[in-house]
Amino acid sequence: MRKRLRTLAGYLVAAAGLVWVFHDVKLGPMLSAVSELRWTWVGLAIAIDILTYMTQGFRWRLLLKPIGELRWLDAVRAIYAGLFASEILPMRPGEVLRAFLVSKQLNTPVSTVFPSIMVERLFDGVWLAIAIGVVAMLMPLPAGLLHAGDVLGVLILVAALLFLYEVLRLRDDRGAVPVPSVALPSGIERFRRHFREIGRRPETFVAFGVSPVLLLGQILAFWLVAIAYAPLHLAFWAAAATLIVIHLGTAIPNAPANVGTYQFFCVVALTLFGVDKTIATGFSVVVFVALTVPLWLLGSLALGRSGATLAGVRAQIRGNGSG
């Protein structure tokens with residue numbers, strides 16, 4: 001019942017967002033602008049977006065080194081399959097799906113894969129916080145965004161300190177981490193052990209250095225779609241700030257593909273930068289479709305090539321527990 005209520009709440013939030021987005025919008029000018037879309041720029045944006053996820057596959061492969069050697073293409077395929085699941089199902093189960101697929105490929109419990117995903121999220125958070133600071137120095141940002149950036153910075157700092165604590169924990173003379181006074185379940189202890197192993201490998205530093213490329217690629221793809229949308233004249237830094245607002249606004253799981261909330265925060269950010277609401281609404285739909293539909297197509301292909309189905313994976317995860 002709680003899961004159904006959370007799902008229902010997500011759909012209600014999405015519906016409310018769409019109602020606000022399309023309220024008082026002039027459909028004629030919006031449709032006219034969509035018909036004049038510059039498809040060359042859209043195609044370039046899609047290509048860069050795909051390259052971004054391919055880069056994420058390279059980064060994830062580095063973070064998975066402590067538990068095994070995963071082919072780069074298999075990492076990319078698992079990422080796209082997970083993205084597809086998060087796009088079509090509520091509450092974003094994609095992270096669980098991609099962890100499950102890789103655990104099967106490496107013949108290891110799911111609990112040994114999750115630390116690499118958590119480190120990914122930590123690195124993304126660090127660079128997102130840095131991006132907010134850089135954009136704030138180059139252009140005036142809304143007070144709400146600056147406040148959200150401060151909150152994000154504090155959360156990331158706490159997470160980074162916890163990560164460093166696990167990595168730098170003192171060892172005894174035999175090189176083993178001291179056993180905690182309270183016995184932990186094997187899955188949790190295995191999780192912590194792999195978390196520490198990730199932090200102590202040189203590949204992790206490379207993965208951290210690669211991480212800003214992902215955010216930069218997402219911003220560039222977003223900006224190129226803005227160039228393709230003729231009525232919108234958006235500077236690169238304004239596009240970066242808008243995408244940051246979308247990232248922060250859609251951080252909490254909601255409706256599939258963030259429908260409604262994506263458009264809401266996109267329009268809110270653009271109107272704060274002086275963009276007409278009709279133009280902002282049209283662009284929010286165009287950029288969502290341009291950068292989401294290819295993800296659906298590639299994600300469905302990736303899931304099919306994995307030999308798994310969403311229903312089958314969900315049943316196996318429930319049967320195996322946390323691994």
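Between the T278 side chain and the K26 main chain, a donor and an acceptor come within less than 3.5 Å of each other. T204 contributes no side-chain N or O that, together with a main-chain N or O of R200, makes up a donor-acceptor pair within less than 3.5 Å. Side-chain atoms of R98 never come within 3.5 Å of backbone atoms of A78 as a donor-acceptor pair (strictly under, hydrogens ignored). Under a 3.5 Å cut-off, the side chain of S35 and the backbone N or O of S32 do form a donor-acceptor pair.
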message: Pair W223, L243 - check side-chain contact (heavy atoms from CB on, under 4.5 Å), show working.
response: CA-CA 9 Å; W223 182 54; L243 186 61; over 6 Å; no
- request: Go through the steps for L234 and Y229 under the test side-chain contact (heavy atoms from CB on, under 4.5 Å), then give the verdict.
  value: CA-CA 10 Å; L234 198 65; Y229 194 70; over 6 Å; no
- prompt: After noting the C-alpha distance and the side-chain angles of F208 and L62, does the key distance pass the side-chain contact (heavy atoms from CB on, under 4.5 Å) rule?
  reply: CA-CA 10 Å; F208 181 76; L62 292 176; over 6 Å; no
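Taking D150 as the reference, nothing meets the side-chain contact (heavy atoms from CB on, under 4.5 Å) condition, with sequence neighbours excluded.
No more than 12 heavy-atom neighbours from other residues, nucleotides or ligands sit within 6.0 angstrom of CH2 on W41.
Sequence neighbours left out, not one pair with a member in residues 31-57 passes salt bridge (charged side-chain N to carboxylate O under 4.0 Å, His left out).
Using cut-offs of 30° and 60° for the angle between ring planes, the W296 and F288 rings count as perpendicular.
Here the CH2-NZ distance, from W20 to K277, works out to 4.5 Å after rounding to the nearest 0.5 Å. Between the CG atom of L214 and the CZ atom of F123 there is a distance of 12.0 Å, given to the nearest 0.5 Å. Separating the NE2 atom in H247 from the OH atom in Y262 is a distance of 8.5 Å, to the nearest 0.5 Å.
You'll find the side chain of V275 stays beyond 4.5 Å of the side chain of F283, heavy atoms only.
Screening L70, L64, L63 for a side-chain contact (heavy atoms from CB on, under 4.5 Å) with I67, the sole residue that qualifies is L64.
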